[in-house]
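The analysis underlying the following values was restricted to heavy atoms, covering all of them including side chains, and did not include hydrogens, waters or symmetry mates. Residue numbers start from 1 in every chain, and the chains themselves are labelled A, B, ... in the order their sequence lines are given, proteins ahead of strands.
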Number of protein chains: 2
Amino acid sequence: MATGHTDPQRRERILAATLDLIAEEGTAQVSHRKIAARAGVPLGSMTYHFDGIDQLLREAFTRFADHIVAVFDAHLAAPADRDQAREAVTDLVHTLSEGSPRDLVLTQELYTLAARRPAYRELTHEWMARSRVHLEKHFDPDTARQLDALIEGLTLHRALDNEPHDRALTREAVRRITTTSG
Amino acid sequence: MATGHTDPQRRERILAATLDLIAEEGTAQVSHRKIAARAGVPLGSMTYHFDGIDQLLREAFTRFADHIVAVFDAHLAAPADRDQAREAVTDLVHTLSEGSPRDLVLTQELYTLAARRPAYRELTHEWMARSRVHLEKHFDPDTARQLDALIEGLTLHRALDNEPHDRALTREAVRRITTTSG
DNA sequence: AGATAGAGCGTACGAACGTACACTCCTGGT
DNA sequence: ACCAGGAGTGTACGTTCGTACGCTCTATCT
């Protein structure tokens with residue numbers, strides 16, 4: 001029937017504004033009013049488009065997780081052999097830790113939620129699973145698992161370090177963890 | 001001169017209650033009132049003992065960082081040779097990821113704050129530095145750095161995994177990262 | 001014993017919050 | 001041209017928040 005005047009970008013803008021706000025001020029500081037102001041939508045839109053703040057956060061982080069999964073895919077889908085895979089992993093670590101602090105901060109916020117709430121843990125599982133699928137094209141499952149954990153740790157330490165380690169160290173770590181003893 | 005009736009445990013109880021509350025509900029949900037109720041102190045005590053919520057959080061996380069540093073020390077100070085050091089690292093990873101979810105959650109909360117605010121980053125730096133000091137007694141600096149990152153990643157992945165990897169995998173990962181090629 | 005200074009607390013205030021809901025206004029059907 | 005109904009919004013309510021501050025009470029000193 002009638003549709004009224006509809007603006008399909010409303011939801012998107014709200015979700016984008018939510019992630020921006022979380023990146024800048026933290027999950028602790030999100031509120032309907034701040035998000036609405038940032039997205040340029042009236043306060044009433046918030047409860048119209050989303051059932052509550054919880055649903056809003058969950059949906060926003062789902063978008064973010066999709067974004068990160070895409071980054072993993074972009075880096076890890078291409079390589080054709082083990083050496084290329086190793087270099088791709090090195091690239092990935094440096095992209096994640098050197099890119100805008102935005103992704104780093106949002107990742108941490110998501111991990112924090114995941115540590116406490118299973119609903120969010122599913123989001124992190126998806127990208128751990130996805131990255132493992134890629135890695136298992138070039139390495140055995142155990143190695144993929146170890147490498148996956150190494151990526152996590154290297155990325156975080158590089159991001160939080162005042163004097164982050166250089167590419168050579170990342171490359172060497174990747175080489176070691178992917179070298180199965182004779 | 002006069003001291004009035006003083007209760008030196010007040011501050012401690014407040015800080016402990018703060019960490020408990022953060023572990024249970026997250027930094028987003030802390031408030032003077034909830035902390036006061038949990039600690040069994042009057043609301044007025046909050047502003048009397050602490051200048052504001054920021055200072056309270058900073059001090060609480062400082063306590064927590066001290067606790068974690070102590071865990072690192074306890075595990076990494078003892079080993080006398082490389083093999084014992086490797087086993088100690090394996091122990092550490094499993095202790096951190098299997099222990100109460102409390103420490104895991106608080107660690108994530110702290111990392112999240114550290115990702116955004118330098119003041120908190122100093123707390124994480126201290127324990128990264130401390131663990132490296134221990135590791136460098138048995139491994140060269142580059143290896144210590146790689147191993148430190150690996151510990152981080154393994155701990156997190158084990159904690160967030162639905163089917164966490166077993167000890168053998170941890171041990172193997174530690175062995176690989178600490179094996180310098182010939 | 002009385003005075004006093006500081007430790008510690010109860011309370012009140014203004015601001016911000018999430019959410020519900022009555023309302024407007026546009027659109028498509030007749 | 002008119003109607004119906006749903007999309008979208010403004011506002012108001014009850015709650016909770018951080019913080020300030022005047023007050024009480026106790027331990028020490030004279």
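Closest to the side chain of A/T47, from the set C/dT19, D/dT9, C/dA7, is C/dT19.
For A/E59, the side-chain contact (heavy atoms from CB on, under 4.5 Å) criterion is met by A/R11, A/L15, A/F50, A/Q55, A/R63, not counting sequence neighbours. In this structure A/R116 satisfies the side chain to side chain donor-acceptor pair (under 3.5 Å) test together with B/E109, sequence neighbours excluded.
Looking at A/D142 and B/R176, no side-chain N of the basic residue comes within less than 4.0 Å of a carboxylate O on the acidic one, giving no salt bridge.
In this structure, B/I35 atom CD1 and D/dC17 atom P are separated by 10 Å, rounded to whole Å. B/Q55 has its CD atom 14 Å from the C1' atom of D/dG18, to the nearest Å. At whole-Å resolution of the value, CG in A/D51 and P in C/dT19 are 9 Å apart. With rounding to whole Å, A/H49 atom NE2 is found 12 Å from D/dG10 atom P. Nucleotide C/dG18 holds its P atom 11 Å from the CG atom of A/D54, rounded to whole Å. Whole-Å rounding puts the B/L43 CG to C/dC13 C1' distance at 13 Å. Residue B/M46 contributes atom CE, which lies 10 Å from atom P of D/dT19 at whole-angstrom precision. In this structure, B/Y48 atom OH and C/dA7 atom P are separated by 4 Å, rounded to whole Å.
Here A/I53 lies in heavy-atom contact (under 4.0 Å) with sugar-phosphate atoms only.
A close approach under 4.0 Å does not occur between any side-chain nitrogen or oxygen of B/S45 and OP1 or OP2 of C/dG8. Close to D/dA7, at under 4.0 Å from its OP1 or OP2, lies no side-chain N or O of A/R10.
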Would B/R86 and B/T178 satisfy side chain to side chain donor-acceptor pair (under 3.5 Å), going step by step from the backbone distance to the final call? CA-CA 8 Å; B/R86 284 193 256 251; B/T178 57; 2.6 Å; yes
Assess the residue pair B/Y120 and B/L57 against the criterion (side chain to side chain contact (heavy atoms under 4.5 Å, CB included)); give the C-alpha distance rounded to whole Å, side-chain angles, the decisive distance to 0.1 Å, and a yes or no. CA-CA 10 Å; B/Y120 291 93; B/L57 283 184; 3.6 Å; yes
Under the salt bridge (charged side-chain N to carboxylate O under 4.0 Å, His left out) rule, what do B/E24 and B/K34 come out as? Steps first, then yes or no, please. CA-CA 12 Å; B/E24 276 181 31; B/K34 286 186 193 170; over 6 Å; no
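Contacts with DNA chain D (heavy atom under 4.0 Å) in residues 18-34 of chain B: B/V30, B/S31, B/H32, B/R33, B/K34, listed by number.
Using cut-offs of 30° and 60° for the angle between ring planes, the B/F64 and B/F61 rings count as perpendicular.
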